[in-house]
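The block underneath contains the structure these notes are about, expressed in C-alpha cells.
Residue numbers begin at 1 in each chain, while the letters A, B, ... track the order of the sequences.
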2 protein chains.
Amino acid sequence: MTDQDPPGAEQDEGRAGLRRAAFLKAAREVFLEHGYDNASMAEIVRRAGGSLSTLYAQFGGKKGLFEAMVDARVEELTEPMVVELSAHTPIREGLQRIGERFMARLSEPDALNVFRLMAGQARTFPDLAGGYARRGPERIRSALAAYLKDRAEAGEVRIENFDVAAQIFFDLVRARMALRTLFEPDYHPSDADIREAVDRGVRVFLGGVEALAP
Amino acid sequence: MTDQDPPGAEQDEGRAGLRRAAFLKAAREVFLEHGYDNASMAEIVRRAGGSLSTLYAQFGGKKGLFEAMVDARVEELTEPMVVELSAHTPIREGLQRIGERFMARLSEPDALNVFRLMAGQARTFPDLAGGYARRGPERIRSALAAYLKDRAEAGEVRIENFDVAAQIFFDLVRARMALRTLFEPDYHPSDADIREAVDRGVRVFLGGVEALAP
DNA sequence: ACAACAGTGTAATCTGCGTTACGGTTACTT
DNA sequence: AAGTAACCGTAACGCAGATTACACTGTTGT
C-alpha cells in the first residue's frame, strides 16, 4: 500500500532494515562490553529483540556480525571528522581547533572501546583491523595536510612534506592518550586534558617541524 | 647429596623450578598465538610436557597462569632497557642512541605481541595491564629525564620540566610504530625504519621542546 | 483472499574447554 | 630402605555457547 518506496535507498528502514539496525546496535554493546570471545549471540538477541534465527539469516554468524558491526561503527566515527576549517585561519589557532576536534572524537568511550577491541582482535580479523586503522585517520589527515600547505604558501611555516608533517602532528597529539587509554580502560580524558595535550602538541610541532626541512 | 644449594636463590632451577619455567614458556607461546580466550590449558601442557594436574597445582588456574606469564615477561623485557649512556654524550647523539635502544626493544615480535594481548585483555586484568604499561617505560624514562637535566645544565637545551620532556620524546618516537604495529600484526620495522623514525623524532624534539619553556 | 516469504521462539545438537578426581609412578629426604 | 611429597596420565564432570532444525505466525503482493 505504500506508494513512496525510494528505488535505490538501502539505508532507510524496511522491516529488514529495522531488524538489522537493532541487531547492530545490540551487537556493538555486547561486543564492547565483553570482548569478542565472551560475547554471546543469545545475549545480543535478548537485547535487540527479534530472534536468533533472523540474526543468523542476516549476518551468517558471529564473525559476520562482528565485521558488519565494526564496519558500521567506523563509518559513524569517521564521518563527522571532516573539520570545518576555513582555509585561512592562522596556523596556531587552526592546529588547535583541528587537534581538539580529532581528540574529542577519539576520546569518546565508544571509540576507545572499539580501538581496544580491534587491537585485541587484529590477528583474528587482519583486514578489518587494517581498514579500521586506516580509514579513520586518513581523511582528517589529508585535510590537515591541505591546510598546512595553504599555511605554508601564506608563509606561516616552512614544511617540506605535508603528509609527513600532518602525521607527526597527530601522533604528537594523540600518543600519550591513545597509549594510556589502551591500558587503563577507566581513564577518560576531560576537555581540559584534551585542550592541554593539544596545546603542548601544537607548540612542540610549530617549534620543531621546520627542523625537518632545512 | 648436592652440596651447593645457594640459600636465597629462587630463580635457579629446583625440580619445581624447571617445571614452572617450561609451563611459563609454553603458556607464553600459546597465549600469544591464540589470545587469552582461545588458548587451551591442554595445549599448553602438550607443549610444556608435564601434566595438567601439576599446572593447576602451581598456578591455580588459567588466570593465575596468565598473570604469572605476563609478570615474567615484563621482567624480561624491562630489565635490559637500562641504557648505558655516559652522562656527557652530546644531546643529539645521546637522544638518538637512547631512542634506538628503546624502539628496538619495543619492536621485537614478542614484545609487540604482549603489547597487543594486554591491550585486548585490559578490562579483564586491569591491574596487570596498568602495571605492564607503567613498569616498562618508567625506568627508561626517568633515565632520560636525568640525562636531559644533565644536558640542560651543560647549556645544550633549555627545558622546564624534564619528565614531561622525556615523555614527549618517547611518544614522538614511538607513536607511529606503536599504533601501526597494533593493527598490522605482520608489520615489523627494520633497523633502518627505526633509525629513521628516531632521527625524525630527535629533530622535531630538539626544535620544539624549548617552545614549552618560554 | 491466498500463496510466498521473512520473522519468531524454542529446543536440540555439537563441540570445546576449564577444572577436578584418582590411582599409579618418580624423586628426594632421613 | 622406608616414607613422603610432588608429579604424571587419563578420564570424567559440568557448563556455556555457536549453530541448526522445526513448527508457527505475521506481512506483502496480486
If you only use heavy atoms from C-beta on, which nucleotide in D:dC7, C:dT19, D:dT20 is closest to the side chain of B:Thr54? D:dC7
Please report, rounded to the nearest Å, how far the C1' atom of C:dA6 is from the CZ atom of A:Arg20. 15 Å
OP1 or OP2 of C:dG7 sitting under 4.0 Å from any side-chain N/O of A:Ser51? no
Could you work out which one of C:dG9, C:dG7, D:dT19 sits closest to the side chain of A:Ser53? C:dG9
If the plane angle is over 60° it's perpendicular, under 30° parallel, otherwise tilted; pick one for A:Phe170 and A:Phe102. tilted
Between D:dA6 atom C1' and B:Phe23 atom CZ, what is the distance in whole Å? 12 Å
So that I can tick it off, tell me whether A:Asp199 and A:Arg203 are bridged by a salt bridge, with the cut-off set at under 4.0 angstrom between side-chain N and carboxylate O. yes
Under-4.0 Å side-chain N/O to phosphate OP1/OP2 contact, A:Gln58 with C:dG7: yes
Which listed nucleotide (C:dG18, D:dA18, D:dT10) is nearest to the side chain of B:Lys62? C:dG18
Using atom CZ of A:Arg46 as one end and atom C1' of D:dG17 as the other, report the distance to the nearest whole Å. 11 Å
Taking the six-membered ring for Trp, is the centroid-to-centroid distance between A:Phe183 and B:Phe115 below 6.0 Å? yes
What's the CE-C1' distance between A:Met41 and C:dG9, to the nearest Å? 16 Å
To the nearest Å, how far apart are A:Asp37 CG and C:dG18 C1'? 15 Å
In whole Å, what is the span from the CZ atom of A:Arg19 to the P atom of C:dG7? 9 Å
Polar side-chain atom of B:Asp193 near backbone of B:Ser190 as donor-acceptor pair, under 3.5 Å: yes
Given DNA chain C, 5'-ward residue of the pair B:Ala39 and A:Ala57, judged by closest heavy atom: A:Ala57
Using 4.0 Å as the upper bound for N to carboxylate O, is an ion pair formed by B:Glu100 and B:Arg97? no
Without decimals, in angstroms, what is the distance between A:Leu52 CG and D:dC22 P? 16 Å
Base C:dG16 to side chain B:Ser40, donor-acceptor N/O within 3.5 Å cut-off: no
Would you mind reading off the distance between B:Ile44 atom CD1 and C:dC17 atom P, rounded to a whole angstrom? 11 Å
